[in-house]
Structures are given as structure tokens and as C-alpha cells.
Number of protein chains: 2
Amino acid sequence: MAKASSVKDVAARAGVSLGTVSNVLNRPERVSPDTRARVEQAMRDLGFVRNESARQLRAGRSRTLAYVLLDARNPFFTDVAEGAERAAEGAGLSLFMCHSDNRAARERDYLAHLVEQRVQGILVTPVDPDAAALAEVRRNGTPVVIVDRTRSDDEFCSVAVDDVLGGRLAVEHLIDTGHTRVAFIGGPDSIGQVRDRLEGARRAWSDAGLPEDQLTIVPTASLTVVEGRSAGERVMGISKRRRPTAAFCANDLLALGLLQQLSTSGASVPGDLAIVGYDDIEYASAAAVPLTSVRQPRQELGRRAAELVLDEAEDPDHVHQQVTFTPELIARRSTLG
Amino acid sequence: MAKASSVKDVAARAGVSLGTVSNVLNRPERVSPDTRARVEQAMRDLGFVRNESARQLRAGRSRTLAYVLLDARNPFFTDVAEGAERAAEGAGLSLFMCHSDNRAARERDYLAHLVEQRVQGILVTPVDPDAAALAEVRRNGTPVVIVDRTRSDDEFCSVAVDDVLGGRLAVEHLIDTGHTRVAFIGGPDSIGQVRDRLEGARRAWSDAGLPEDQLTIVPTASLTVVEGRSAGERVMGISKRRRPTAAFCANDLLALGLLQQLSTSGASVPGDLAIVGYDDIEYASAAAVPLTSVRQPRQELGRRAAELVLDEAEDPDHVHQQVTFTPELIARRSTLG
DNA sequence: CGGTCCCGTTGAAACCTTTCAACCCAAGGA
DNA sequence: TCCTTGGGTTGAAAGGTTTCAACGGGACCG
């Protein structure tokens, strides 16, 4: 592996000055066709690869965006990343994904590294949206956009989805399809999203003039398939007369677990219990009974976040915006029969 | 956002030379405590952040690895990434994930960008493992390790899992649990992994002396839940007398679809049909009937790949190795009742 | 034939860090 | 007192690219 060759080597081989080589690279139209051909040939001969560090050093900016995400295994985040990726691609940039794995320390390391790299901008779904580290990153000169979280101050751009509205949509749909006893399944309520979705559910309920005690809360310890199954056992353990006829789950994993539990025990969906999930993950539509679910515009979220971070990077008059997207209810057989 | 400050600014403010600032950064033990304190204070005052491009330019190497993966939504790849990440973290490096989304053009862009960035090494699950682009990357000076694919020549390090053995394990397990009519569900056979798993299944079958026509091939168009359901219909459409009593699915998504189809139609698992999946994804153990599945050491795969690429980067006597990992059968209720 | 203009090319400067030989000075030994 | 030693600090050079003012030469116009 011979030492990488530089513009100087290329220039020498092509018999031109190194300024010309640079012109071939950056403004080929300024160079006469035959000179250009000679330079390009020399590049091929030497296996020349432009050194991005040097270019960046000189240019002061990189050609990269980064998305620091909490959990690469959650399809929600990878979909967001994909949206951001497309936007980056459109702007001629690369998007690097960094997996903080929900660890604040790892997140900090990544952020520091990215700032040192002088990436054009950072999208981040932070472990703690109010962490001082984020302000520090921006103070150090790198634009930051917060994704799927909101910060208590408005010092940052952020993109998120209106979870209160999502909860409302879900429950309004159940009310519209005739249900008057409904369970909300989800938890722990330390998760902001869970709280918001429940809040939306409650508002829809009281707006419809339904009695508060007919909206049952079934708490779960986490948002997983296993918890969904156990919640199912609890719901079905209620005497038929008083049992809810529909359940709104705080996410699709819970809903899938619930669905499994019901079909294992011979109950019918939606006959015995209608189900609404949240997130509309791929498995939701592929379930044994396709799930009604609240869809968030995930790719759009990523795309918009990328646009915002680029605006912050390029527009000196940039004003921070908190963008809220609108979720959408996708009705399927689990509520429609 | 004031222009970022450099070591020179820090030096001026601290009243020392810029060499000293650099020493504080890189060999703090050489600097007297009070000078160091002064310099560090100046850094804080100015919000100094080391410019990684310049450092890299000087040092000739970066502090980064990258993993270019096919599909960020597939938990298999993100688990591999996680293993690589841990290894990178251990070596003081960052790992960037790049999502090629199965598009050769995007993969090419990423590889080019990474080479220009002079990353220390690239892990890649390529769209086409024999693509000339990979050889080009290495020729240009960046170590490359191929993950979960194998190349026809041995010019690269690679890490993969023995799919033939995996297929064998699955079918041996079914034979051991008393089945003499088995279906292999999977396709298309343009996918190398599908071919290998089937090959392993066949070998186990004939080694056990069972008649070839009792191993039924049920082809699918892709490895998805929906295809699994349709395969289920086909299998259950066979007259009871000749119907297989067990199915080995080429991946877990097929197995989950199959399971859904069976439970929807009232068939029992494993009573009417035992099921073995492949990959042991998270949903496999969380399914209505927990799935027996063939587990691949995903994190280990990533970890080893990272080690290999670092070895290639650092050891002048590096020899390319093709590492093959051994899969493991995880028996659960879908075959054991 | 002389003067302009424009195109293509050149060479040096700048970007910021790290490294390393050289230097200074105080302390200790002769 | 002079010399040595060594810790602490310095300043210049190097690394590869981009930019830009300047330059050379050919073509065109008068």
C-alpha cells in the first residue's frame, strides 16, 4: 500500500502546476480539455484520492451531517434517519448515523467527536433533551436540531409529532366506531410520549361527554410485546359485563403482544376487543389481524430536521423553529372487523 | 457564532507558545502544572475545540471506523453494528453507520466519501461482494472487511456465519424430535444464504437416511411475513396424510408469518406443524408461540470484523482471513410443545 | 504593427495542528 | 565559578488542499 499520492504528485506527473490540478477537481470548466485529460490520466495512474481532511481544513466546512440516535434497533429511528439521509443526499452531503444506545456518556463522546470533525450539522434524539451538553455543542459552532423530543426552552430547532393529537385521533376513532368502554394500555408514564398520548385520549373522551370511569388505564412497565401480552391477560380477566370493548395501546409492540394474547386464548379481534396501536411499524400491517395504528410521518420528520439544520448552518438570519407534525390514523381490520 | 478559535488564539491568551498548547492537548505530563492550568483556562474562555481535520491532516490517520450496511431496518445489521461499535469504543474510535439502502450507487458514494475522509477502516455488507469498487477502496489505501457475505476470491478479510451448518442444525433438530416429513420454506434462491441453508437441510436429511421426496421445498418470493402467511396456506392445503409435520423457514419473518397463518386458521403449533425459524430476532422469542430459531452471533460478528479491520490497518504483516462463525439452535415451544 | 482583452495557467499564501530539534534557565556537582 | 543536566518551553516545518492575484501568450481590433 504505497503512500497515498497528493495533488503535487499528480501535478508533477501531468507536467502542470498544482493549482491546475485543483482546478480540474473543483472547476473543470476553467481548464482546457487536453490539460484536463492529461491530469485525469495522471490521477488514474497514481490512484489519487482527494484528502478530505485537507480540503476541509482549507474550506472550513465538511460535507457531512450526523444523526445521533437512541436506539438503532427501533424502526422508528431508522426511518427518521432514512428521511434525513434522502435530504442530505439531495444536498450533496453524507449522513452518518451514530448510535448512542441510550447512554449519556456515549452520546457525549459522539457529540464531541462530531464537533471536532466540524460536521455541518447534528441531528440528535438526546437521552436528555435539556442536557447542557447540547447547548455546549451549539456554542462550539455546530448547528443542532432536536428530533422527536422537545426542550423546555426554545433555544433549539426541533421536530416532533403531536402526541396529544395522536391520542385523540385514536380514541375518537374508537368512539366513532361505537365503543363506550375503552382501555388505555401503556407506561411507564415517565415517558413523555406516553403521558401525551394518554392526555389526548382523555380529552377525546371527555369531549365526547363519556363518563370518566369508563376509560380504564392499564399500566405497563415498558413498551414491549411481552408487556402487551400481560396487559391482555389483565384486560380479559375483567368480567365480561364491565370489560372494555376496545383498547388503545401506547405503541405497536404492546398492541402486537395484546393481539397475540387474545388469539392464543381464542378471543376475537375486533369482536371481543378492538385494538388501536401507535407508530404504524411495518409489523402492524403484517399482523395476523392487521392493526389500526397512528402513523407518524417518520421520514418527513428526518427530512425536515435535515433541512432545518442546514438552514441554521447557512442562513445567518436563521430563527429557531419548533416544528410539530400531525399524526394520522390508519384504520385496519383490528377495529373495523 | 464567533469564528472558532485555534491553538494560536489560545496560546496568545495564555501567554505561551502554540507548541505548549499542543503539549497540553497531547502530552499534558510534559507541561508544568501552572502553565497547564493557564492554558486550560484560556481554552475554556475561548470555547476552543480542536480541529480534527487539521489534526488528521498532520497525523495522517483518523479516529473513525465506518460500517456501510444494507438495511438499517433489519435488526440483524444493527446488532452487528452494535458489536462493531463496542469494539471501536474499546479502541478509542468512533463508529459511523452508513445506510446504503441496498443501492449500489449510494454505497459507492459512501465508500468514496469514507476513503477521502481517510477513515481507519471500513466494514461493509456490500450489495455485491464481488464488486470491483471494493478492490478499488483497498487499492486506495483503506482497509476493508466484508461482513456477512463472502467474496469469491480471498483478497479480503471477511466474517460470516456458516449457513450450511445452520440449515443442518435446524433440520437435525426436527429429525431428533421425531419428524419424518418436513417442509423447507424460503426463497428466492438468488440469495446465497437461502441456498446455503437449504443445502444444509438437505445434507442433514440425507445423512439421516430419510427419503428425499419427504423434504418438501416451498418456495417464496421474498423473506417477509406476508410471504410466510401465503406459504402457510400452501402447506396447510396439502392433504393431512401427506402434509409435512414440521417446517424450517429460511428466516424468522417467514416463520412469524407462517405462525400467524396457522393460529388464524385454528391449527396448533407445534401440534399440527412444528416450526423452526432462522436469525433469532427479538420477535422470535416474543411470538405467540415462542419460536425455535437458529441464532447467529451477530454482535460477535461485528466485533470480530472491527478487530480484523484494525489489524489490517496497523499490522504491516497482516494476512487476510475469512472467519466463519458457528450458528446455534435455540429450541423453544414451537418445536417442543 | 501596436495595444487590449481574455483564457489558461501559475505559485504562493492560508487553513490548524503536531512534531521535534533547539533553546533557556535553574539547580546540582565538581 | 564553571560545567552539566534536565525539565520546560519555543518556533519553525510539515502535512494536502483551495484560493486568488498575477502572469504569459494568443487572438482580435484598430
Side-chain angles (χ1 to χ4, degrees), chain A residues 2-40 42-43 46-64 112-113 115-119 140-142, chain B residues 2-40 42-43 46-64 112-113 115-119 140-142:
Chain A
K3 202 151 102 355
S5 44
S6 72
V7 278
K8 203 188 323 189
D9 304 323
V10 174
R13 182 173 182 108
V16 297
S17 82
L18 87 191
T20 300
V21 176
S22 177
N23 281 334
V24 171
L25 247 23
N26 302 296
R27 309 207 225 23
E29 73 284 359
R30 285 207 195 160
V31 181
S32 73
D34 60 334
T35 313
R36 189 186 338 165
R38 229 168 51 246
V39 171
E40 283 167 347
M43 286 182 178
L46 296 173
F48 170 79
V49 179
R50 176 206 260 137
N51 184 326
E52 180 70 17
S53 310
R55 147 188 269 229
Q56 216 172 289
L57 172 59
R58 176 65 227 229
R61 48 152 55 186
S62 76
R63 312 168 146 282
T64 324
H113 191 151
V115 173
E116 292 191 351
Q117 291 240 17
R118 304 289 194 270
V119 295
N140 286 338
T142 306
Chain B
K3 203 153 102 346
S5 44
S6 72
V7 280
K8 202 188 323 187
D9 304 322
V10 174
R13 182 172 184 109
V16 298
S17 83
L18 86 192
T20 300
V21 177
S22 178
N23 280 336
V24 171
L25 248 23
N26 302 297
R27 311 210 224 22
E29 73 284 0
R30 285 207 195 159
V31 181
S32 73
D34 59 336
T35 312
R36 188 184 341 163
R38 230 167 52 244
V39 171
E40 283 168 346
M43 287 181 176
L46 296 172
F48 170 78
V49 180
R50 174 206 262 138
N51 183 324
E52 180 70 18
S53 311
R55 147 188 269 224
Q56 213 173 290
L57 172 58
R58 178 64 228 232
R61 49 152 55 184
S62 76
R63 310 166 149 287
T64 324
H113 191 151
V115 173
E116 291 190 351
Q117 291 240 17
R118 302 289 194 270
V119 294
N140 287 338
T142 307

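Values in this document were obtained by computation on a predicted structure and should not be read as measured data. First the proteins, then the strands, lettered A, B, ... as listed; each starts at 1. Values below: every heavy atom of this structure, side chains too, minus hydrogens, waters and symmetry copies.
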Could you check how far CG of Asp9(A) sits from C1' of dT17(D), rounded to whole Å? 13 Å
Mapping Leu57(B) and Arg27(B) to their closest nucleotides on DNA chain C, which lands nearer the 5' end? Leu57(B)
Any side-chain heavy atom of Gln117(A) within less than 4.5 Å of one from Thr64(A)? no
How many whole angstroms separate atom CD of Glu116(A) from atom C1' of dT18(C)? 14 Å
If the condition is side-chain hydrogen bond (donor to acceptor under 3.5 Å, both in side chains), which residues does Arg50(A) pass it with, not counting sequence neighbours? Asn26(A)
Nucleotides 4-13 of chain D: protein proximity per nucleotide (B base, S sugar-phosphate only, - neither; heavy atom, under 4.0 Å): ----SSBB-B
Can you check the Asn51(B) CG to dT17(D) P distance for me, whole Å? 16 Å
Leu25(A) CG - dT18(D) C1' separation (whole Å): 10 Å
Taken in chain and number order and not counting sequence neighbours, the residues that satisfy side-chain hydrogen bond (donor to acceptor under 3.5 Å, both in side chains) with Glu52(B) are none
Quick check on dT18(C): is either OP1 or OP2 less than 4.0 Å from any side-chain nitrogen or oxygen of Asn26(B)? yes
Do Arg63(B) and Arg55(B) make a side-chain contact, defined as non-hydrogen atoms from C-beta onward lying under 4.5 Å apart? yes
Find every protein N or O atom lying less than 3.5 Å from an N or O atom of nucleotides 24-26 of chain C, and list the pairs.
none

Rounded to the nearest 0.5 Å, how far does CG of Asp9(B) lie from CE of Met43(B)? 11.5 Å
Going from OG on Ser22(A) to CG on Leu25(A), what distance comes out if it is rounded to the nearest 0.5 angstrom? 6.0 Å
Give the rounded distance in Å between these two atoms: CG of Leu46(A) and P of dG16(D). 13 Å
Any pair counted as salt bridge (charged side-chain N to carboxylate O under 4.0 Å, His left out), so long as it reaches residues 11-36 of chain B, sequence neighbours left out: Arg13(B)-Asp45(B)
Note, Val31(A) side chain near Val39(A) side chain (heavy atom, < 4.5 Å): no
Results of side-chain hydrogen bond (donor to acceptor under 3.5 Å, both in side chains) for Ser62(A) - residues two or more places apart only: none
Rounded to whole Å, NZ of Lys8(A) lies from P of dA12(C) at a distance of 12 Å
Separation of dT19(D) P from Gln56(A) CD (nearest whole Å): 14 Å
Taking atom CG of Leu18(B) and atom CG of Asn23(B), what is their separation to the nearest 0.5 Å? 10.0 Å
What is the separation between atom CZ on Arg55(A) and atom P on dC16(C), rounded to the nearest whole Å? 17 Å
How large an angle, rounded to 10°, do the end axes of the helix from dC1(C)-dG30(D) to dA30(C)-dT1(D) enclose when each is built from five base pairs? 60°
Contacts of type side-chain contact (heavy atoms from CB on, under 4.5 Å), residue Ala54(A), not counting sequence neighbours: Asn51(A), Leu57(B)
